[in-house]
Protein chains: 2
Amino acid sequence: MLELADYASLLQNALKKNEFNVFGCRCSIIYSGRAESYLPPGDRIVIIKSDNSLLVHQPEGNNPVNYMKPGSSHYISFDDGKYFLRSQNLIHREYMDIEIHEIYFFESKHLEDGQKIILTGTEKDMAKMLFDNPSLIESGFKPLSMEEQTAFGFIDLFGYDKENTLTVIECKRYAADFKAVEQLKRYVERIKQSKGLTFVRGILAAPKISPNAEDLLHQEGFSFVSVKPPKYLERYDAKQKTLDGF
Amino acid sequence: MLELADYASLLQNALKKNEFNVFGCRCSIIYSGRAESYLPPGDRIVIIKSDNSLLVHQPEGNNPVNYMKPGSSHYISFDDGKYFLRSQNLIHREYMDIEIHEIYFFESKHLEDGQKIILTGTEKDMAKMLFDNPSLIESGFKPLSMEEQTAFGFIDLFGYDKENTLTVIECKRYAADFKAVEQLKRYVERIKQSKGLTFVRGILAAPKISPNAEDLLHQEGFSFVSVKPPKYLERYDAKQKTLDGF
DNA sequence: GGGGAGAGATGCCGC
DNA sequence: GCGGCATTTCTCCCC
């Protein structure tokens, strides 16, 4: 079993090599930057990535309890018989001191990964699906553009309905709330002003809508269409049977 | 050096003990749930916490590339000569398959931590600071309540100005954008309606405000006060000198 | 459990 | 750099 001093030495050397480092320890943490925090002593793991980002995770929960952004710098210091991992990010003016009371394990390894995640079922995918299948909105709907940075703002989808009325569609992949309605309203207002029109239709497309949002939606004269975000891989998986057995 | 089969066996046993597990590996990942994703082969670390949450981190970046929420379940499977870590969360209907090509290291440890982080400099702290020091808003301001769930909504701070006009204050710890203005407007409208008043003042308190937001703010007849979120620990640290030397 | 709002939000894209 | 906006947002609080 290694002593804290041995681990500290290992860590100090590893930090020079810009590899992936992870260690389990008992520690307490002070952070000062955009906000300030103190975390009393307890067991956590600390990760220092090759881009010099730092994460501290408690034994439970999805999110890091403390962290530093990529581009930070880290060093070990020994003051008054205590070990500290001190981190700073000068660009963001953020500082962190981890007082390390004990180290349980330490791993350092060069990790190679240039891959990016492929994600489907996003709001953008919803807009594309509606662009390609406009009857999901309503029969006779003619899409003009999607996900476009227009002069009036970033609009998910817009086009003409079967009465040739200009229509703005705002997509939400989750249950639409009244903020989504306000967003739609903002776009409709901007387009009316920009094009000098007295009426522009607004449609909110989402899996469902909250009661408050629906009230506001109807007050504004807009309408709701129930649409779920598309999941292309689901069909793929059904063929490949890789997610069977659950 | 252990073989993949040995690591798989270690991991399989460790999963039964509900400890903190972390391993470095080469893997590819399929996720299906709220959205769907595929991550091609590369080096990552996988963390399985004692609450059965799971995190996958690439060698760079602050955020996990894939994850499962607490309360998931995980098991090792060996199919067609390939090792998989399969995870599912029945409550959230989420599934993940990690195909493990190689394992570089593996650590399993019981971690003990019941501590919660103490955070200052939040919006709530700002509201309290303004409540305690109302002259930071303007001279003669008389606070009524803060962070209160009123009948008209959740309002950061409200009170009377020196002319005894009812005033709503919305705090933002960051640069205020036009959504903050819309939020303030919503509260002011609700209070006017609820109290049957023809005029209620609105003040946005934030470190700074974007030009677009400021335009909208003045259009609505509201005003801006520059206030920074308080950092109590900063003063504490200045005394204790724990964050010196940077 | 849903709704509303903050977060040391983060990350992406566009200007 | 800022601005606007989505996120497998997450988290908390309150109804």
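Nothing here was measured: the structure is a model prediction, and the numbers come from that model.
The phosphate of C:dA5 has OP1 or OP2 within less than 4.0 Å of a side-chain N or O from B:R186. For D:dA6, the OP1/OP2 oxygens have a side-chain nitrogen or oxygen of A:K172 closer than 4.0 Å. The phosphate of D:dG4 (OP1 or OP2) has no side-chain N or O of A:Y187 nearer than 4.0 angstrom. In terms of phosphate contacts, B:R34 brings a side-chain nitrogen or oxygen within less than 4.0 Å of OP1 or OP2 of D:dT9. The shortest distance between the side-chain N/O atoms of A:Q183 and the OP1/OP2 oxygens of D:dA6 is below 4.0 Å. Taking side-chain N and O atoms only, B:K124 has no distance below 4.0 Å to OP1 or OP2 of C:dG6.
A cation-pi contact, defined as under 6.0 Å to the ring centre and within 45° of the axis, is absent between A:R190 and A:Y187.
Distance B:D177 CG to C:dA5 P: 14 Å, rounded to the nearest Å. If you take NZ of A:K179 and C1' of D:dT7, they are 14 Å apart, rounded to a whole angstrom. If you take CD1 of B:I30 and C1' of D:dT8, they are 16 Å apart, rounded to a whole angstrom. Between the CG atom of A:N63 and the P atom of D:dT9 there is a distance of 13 Å, rounded to whole Å. Between A:L217 atom CG and C:dG3 atom C1' there is a gap of 17 Å when expressed in whole angstrom units. Taking atom CZ of residue B:R190 and atom P of nucleotide C:dA5, one finds them 6 Å apart after rounding to whole Å. For the pair B:Q58 CD and C:dG11 P, the interatomic distance rounds to 12 Å; values are reported in whole Å. In this structure, B:L204 places its CG atom 11 Å from P of C:dG6, rounding to the nearest Å.
Expressed to the nearest 0.5 Å, how far NZ of B:K192 lies from CG of B:L166 amounts to 11.5 Å. Taken from OH in B:Y95 to OG in B:S32, the straight-line distance is 8.0 Å, to the nearest 0.5 Å.
Residues B:M96 and B:L54 share a closest heavy-atom pair of SD-CD2, 4.0 Å.
For C:dG4, the base is not stacked against the aromatic ring of B:F154, per a cut-off of 5.5 Å between centres and 30° between planes.
Nearest to the side-chain atoms of A:E123 among the listed nucleotides D:dA6, C:dA9, C:dG3 stands D:dA6. For B:N62, counting side-chain heavy atoms from C-beta on, the closest listed nucleotide (D:dG3, D:dT8, C:dG11) is C:dG11.
Distance noted for atom C1' between D:dC10 and D:dA6: 14 Å (whole Å). Comparing the P positions of C:dG8 and C:dG4 gives a spacing of 23 Å, expressed to the nearest Å.
One finds a salt bridge joining B:E220 and B:K185 here, because a Lys/Arg side-chain nitrogen approaches an Asp/Glu carboxylate oxygen to under 4.0 Å. Between B:R186 and A:E182 there is a salt bridge, with a side-chain nitrogen of the basic residue lying less than 4.0 Å from a carboxylate oxygen of the acidic one.
Residue-to-nucleotide proximity on DNA chain C shows that, of A:I209 and B:R173, the 5′-proximal contact is made by A:I209. Remark on DNA chain D: of its neighbouring residues A:C171 and B:K116, the 5'-side contact belongs to A:C171, judged by nearest-heavy-atom nucleotide. Nearer the 5' end of DNA chain D, as judged by each residue's closest nucleotide, is the contact made by A:H92, out of A:H92 and B:M68. Along DNA chain C, the nucleotide nearest A:Y67 and the nucleotide nearest A:N212 are compared for position; the residue whose nucleotide lies closer to the 5' end is A:N212.
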Show, in sequence, the C-alpha distance, side-chain angles and deciding distance for A:Y31 and A:E36, and conclude whether the side-chain hydrogen bond (donor to acceptor under 3.5 Å, both in side chains) test is met. CA-CA 5 Å; A:Y31 156 78; A:E36 302 196 324; over 6 Å; no
Pair B:D113-A:Q58, side-chain hydrogen bond (donor to acceptor under 3.5 Å, both in side chains): steps then yes or no: CA-CA 7 Å; B:D113 185 7; A:Q58 290 182 296; 3.0 Å; yes
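Counting heavy atoms from C-beta outward, A:L111 and A:S50 have side chains that stay 4.5 Å or more apart.
A donor-acceptor contact under 3.5 Å is formed by the side chain of A:E94 with the base of C:dG8. Residue side chain B:N66 reaches the base of D:dT8 through a donor-acceptor N/O pair under 3.5 Å, judged by distance alone.
Among the heavy atoms of the strands, none lies under 4.0 Å from A:Y174.
Stem analysis of DNA chain C (at least three stacked-register Watson-Crick or G-U pairs, each with both distances under 3.5 Å) gives C:1-7 with D:9-15, C:9-15 with D:1-7.
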